[in-house]
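Values below: every heavy atom of this structure, side chains too, minus hydrogens, waters and symmetry copies. Model, not experiment: these values are computed from the prediction.
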Amino acid sequence: AVPARRLVQAVGVLLNDLEIWQLSTITADVATGRASDGVEVMRLLYHFWHGTPVTLAIELPLTALRVDSLTTLIPGTAFYEREIYGMFGVVFEGHAGLRPLLLPDDWDEAPPMRRKGTGEQGGRGVTVQGSGGTGEQIGGRAQGTRHGDATDRVVVPIGPQHPLLKEPLSLQLVLEGERVVESAMRLGYVHRGIERLCQDRSYVQAIHLIERVCGICSHVHTTTYCRAVEALTGLEIPPRAAYLRALLCELERIHSHLLWLGVLARNIGYDTIFMYAWRDREIVLDVMEDLSGGRVSHAVNVIGGVRVDVEPSRRETILGQLDQLDTQVRQLLGVVEHERSLRARTRGIGVLTRKDARRYCVVGPVARASGLDIDLRRDDVQPPYERLNFAVPVHDAGDVWARTLVRVQEVVESVSLCRQLLDGLPDGPISVRAPRRMPLGEAVARSEAPRGEVVYYVRSDGSDHPARVKIRTPTMTNLITLPAQLKDIAMADVSVVLSGVDLCIACADR
């Protein structure tokens with residue numbers, strides 16, 4: 001814990017002296033203060049990670065919810081601070097674009113995460129800057145209008161409903177001719193309040209809710225949540241359960257990357273690669289359905305392990321399917337590496353330098369494509385990955401071409417990991433009994449999801465319901481980089497940039 005007035009100084013020490021630069025997220029929580037004699041305060045937890053987890057905690061009185069912004073030191077905190085501003089009413093002084101991130105424009109009630117009895121007075125509780133909503137306007141001009149003389153700029157809206165977008169996201173692009181010179185975005189169209197809903201459910205019931213954060217990476221979300229809850233009570237799951245969890249995670253990674261490749265190819269007009277990717281993806285979906293009964297939502301995890309097992313006969317069938325998938329994916333990798341048209345459309349597009357990737361705390365394939373060699377499966381060793389052999393593909397071009405190579409090469413590695421997990425599957429039970437009530441405490445769990453680091457913070461007040469669940473998805477971090485990637489590119493390349501990031505808006509909005 002550090003005094004609120006010394007937050008910026010403490011973060012500076014982490015960045016400059018300890019070289020801990022990866023800020024995973026910021027958690028806000030109304031709870032009993034540790035230094036306030038039982039009085040409820042607003043706690044802000046700054047979760048850092050760079051080989052070693054470090055959390056800075058500050059406490060703010062509910063009558064004075066103001067603290068210095070970190071955006072000047074770490075631009076990647078921008079969305080985290082905006083979310084807390086809207087949901088909890090904390091004002092981050094020095095944040096140039098402070099406005100709610102997820103709330104609708106007409107929200108005029110108390111901050112929704114400030115539960116009753118915590119000092120709320122009704123109404124917003126804070127003065128909203130700018131337009132007061134989640135939208136952004138550029139230069140105060142209306143969308144889709146032309147202004148000035150022959151060299152004028154044009155504002156072009158994309159979304160929230162658009163054929164390019166799988167999910168609702170609103171973008172405003174300012175064009176000079178065919179070049180994008182400025183952009184802004186708006187989130188919150190599919191915000192479901194999952195974090196708040198978890199507080200009204202038991203630890204077990206919350207698993208099924210959390211699985212719906214994202215359809216593509218549903219299993220890794222429940223895996224991370226269960227690991228956080230298990231850490232609260234010191235519960236160790238059986239080795240066989242750890243292997244089965246990892247198996248589904250790797251199958252999910254293959255599925256996500258192949259889906260991404262198909263969407264990228266389709267959006268830029270390469271239907272052949274799209275069809276190859278969809279063909280290979282069907283094999284993965286068949287394996288996951290055979291294991292869990294579901295092609296997308298699997299409901300495999302329980303607190304203390306998993307609910308499904310792999311019988312010897314099924315194991316041999318899956319290994320045969322993996323052999324077929326490995327052959328086809330390696331052929332697909334060869335097509336991608338030697339397809340000159342694909343390279344021409346993606347090379348030099350959406351460039352994110354290594355320096356900017358660090359400043360924005362980028363994660364996952366986007367980070368590895370910018371030269372950041374980070375992967376929690378290797379760096380935050382969790383069973384059973386310490387027993388597995390795999391490479392972490394890293395490229396340093398920072399463009400969509402590099403992200404394509406990283407993801408397709410990761411698919412090859414994940415197929416190998418699935419084989420190793422099945423070959424080394426230990427004997428024994430698949431779960432242990434877990435208590436319904438968790439002891440007082442808090443825990444943070446991290447996992448390497450297909451799009452990058454996913455973070456879960458869980459606090460227990462001793463009941464059978466979590467007192468606070470915080471979810472940080474990788475899309476939330478990678479979204480922050482879009483304005484930098486879209487700047488000074490041709491309008492025709494906007495679809496390439498949006499596809500290259502691999503956005504999951506449902507993940508970001510939760």
From Trp278 atom CH2 to Leu259 atom CG, the distance as rounded to the nearest 0.5 Å | 4.0 Å
Hey, are the side chains of Thr346 and Glu339 touching, using non-hydrogen atoms and a 4.5 Å cut-off?
-> no
pair Arg451-Val220: side-chain heavy atoms closer than 4.5 Å = no
Do Leu264 and Val400 pass the side chain to side chain contact (heavy atoms under 4.5 Å, CB included) test, and can you show the C-alpha distance, the side-chain angles, and the key distance before you say yes or no?
-> CA-CA 10 Å; Leu264 171 70; Val400 178; 4.3 Å; yes
Does any pair with a residue in residues 251-262 pass salt bridge (charged side-chain N to carboxylate O under 4.0 Å, His left out), and if so which ones, sequence neighbours excluded?
-> Glu250-Arg253
Presence of salt bridge, Lys470 and Asp29, under 4.0 angstrom = no
With no hydrogens and no angle check, is any side-chain donor or acceptor of Arg99 less than 3.5 Å from a backbone partner on Gly97?
-> yes
Would you call Arg419 and Asp323 a salt bridge, using N to O less than 4.0 angstrom?
-> yes
Are the side chains of Arg472 and Tyr457 in touch, meaning some heavy atoms are under 4.5 Å apart?
-> no
Do Val154 and Val174 touch side chain to side chain, with heavy atoms closer than 4.5 Å?
-> no
If you round to the nearest 0.5 Å, how far is CG of Asp509 from OG1 of Thr475?
-> 10.0 Å
Determine, for Asp396 against Arg354, whether the closest basic-nitrogen to carboxylate-oxygen distance falls under 4.0 angstrom.
-> no
Residues in salt bridge (charged side-chain N to carboxylate O under 4.0 Å, His left out) contact with Arg227, at least two apart in sequence or another chain | none
Look at Arg377 together with Glu413 and state whether they make a salt bridge at an N to O cut-off of under 4.0 Å.
-> no
Looking at side-chain heavy atoms only, is the closest gap between Arg368 and Pro393 below 4.5 Å?
-> no
Does a side-chain N-to-carboxylate-O contact under 4.0 Å join Arg315 and Asp423?
-> yes
Between the side chain of Ser218 and the main-chain N/O of Val296, is any donor-acceptor distance below 3.5 Å?
-> yes
Residues 359-367, side-chain donor-acceptor partners within the protein, below 3.5 Å, at least two apart:
from   : atom 1 : to     : atom 2 : distance (Å)
Arg359 : NH1    : Asp356 : OD1    : 3.0

Roughly how far, to the nearest 0.5 Å, is the CD1 atom of Ile489 from the CG atom of Leu173?
-> 8.0 Å
Any chance CZ of Arg279 has more than 12 other-residue heavy atoms, nucleotides or ligands included, within less than 6.0 Å?
-> yes
Look at the side chain of Trp401 and the backbone N and O of Arg345, then say whether any donor-acceptor pair between them is shorter than 3.5 Å.
-> no
Donor-acceptor pair, Thr222 side chain versus His219 backbone, under 3.5 Å?
-> yes
Applied to residues 256-269, the salt bridge (charged side-chain N to carboxylate O under 4.0 Å, His left out) test, sequence neighbours excluded, yields Arg266-Asp271
Side chains of Thr477 and Tyr80: do they bring a donor and an acceptor to under 3.5 Å?
-> yes
Over 12 foreign heavy atoms within 6.0 Å of CD, Glu178 | no
Between the CG atom in Asn301 and the NE2 atom in His208, the distance rounded to the nearest 0.5 Å is 10.5 Å
Check for a donor-acceptor pair, side chain of Arg343 on one end and backbone N or O of Glu337 on the other, with a separation under 3.5 Å.
-> yes
For the atom pair OG1 (Thr25) and CZ (Phe48), what is the distance rounded to the nearest 0.5 Å?
-> 11.0 Å
Is there a side-chain contact between Ser414 and His257, using heavy atoms and a 4.5 Å cut-off?
-> no
Just by modelled atom types, is the Glu176 backbone N or O under 3.5 Å from a matching donor or acceptor in the Arg153 side chain?
-> no
What do you reckon, is CD of Glu282 surrounded by more than 12 foreign heavy atoms closer than 6.0 Å?
-> yes
Quick one: pull up CZ in Arg281 and OG in Ser256 and give me the separation to the nearest 0.5 Å.
-> 10.0 Å
Determine, for Arg378 against Asp373, whether the closest basic-nitrogen to carboxylate-oxygen distance falls under 4.0 angstrom.
-> yes
Check whether the side chains of Gln420 and Ser416 place a donor and an acceptor atom closer than 3.5 Å, and report yes or no.
-> yes
Mind checking whether Leu482 and Leu498 have side chains closer than 4.5 Å, heavy atoms only?
-> yes
Take Glu81 and Thr71 through the side-chain hydrogen bond (donor to acceptor under 3.5 Å, both in side chains) test and state the conclusion after the steps.
-> CA-CA 9 Å; Glu81 292 181 353; Thr71 50; 4.6 Å; no
List for me each residue that meets side chain to side chain donor-acceptor pair (under 3.5 Å) alongside Gln409, sequence neighbours excluded, and say none if there are none.
-> His395
Could you tell me whether a side-chain N or O of Asp326 sits under 3.5 Å from a main-chain N or O of Leu322, the two making a donor and an acceptor?
-> no
Worked check of salt bridge (charged side-chain N to carboxylate O under 4.0 Å, His left out) between Glu195 and Arg468 = CA-CA 8 Å; Glu195 292 182 6; Arg468 176 76 169 102; 3.0 Å; yes
Below 4.5 Å, heavy atoms only, C-beta onward: do Arg186 and Gln172 meet side chain to side chain?
-> no
Should Val90 and Phe92 be marked as a side chain to side chain contact (heavy atoms under 4.5 Å, CB included) after you check the CA-CA gap, both sets of side-chain angles, and the distance that decides it?
-> CA-CA 6 Å; Val90 178; Phe92 292 88; 3.9 Å; yes
Step by step, would you call Leu261 with Val411 a side chain to side chain contact (heavy atoms under 4.5 Å, CB included)?
-> CA-CA 11 Å; Leu261 179 63; Val411 169; over 6 Å; no
Stepwise side chain to side chain contact (heavy atoms under 4.5 Å, CB included) check, Tyr46 with Ile58 | CA-CA 9 Å; Tyr46 293 78; Ile58 65 173; 4.2 Å; yes
Listed by chain and number, what are the ring pair (Phe, Tyr, Trp, His ring centres under 6.0 Å) partners of Tyr385, not counting sequence neighbours?
-> none
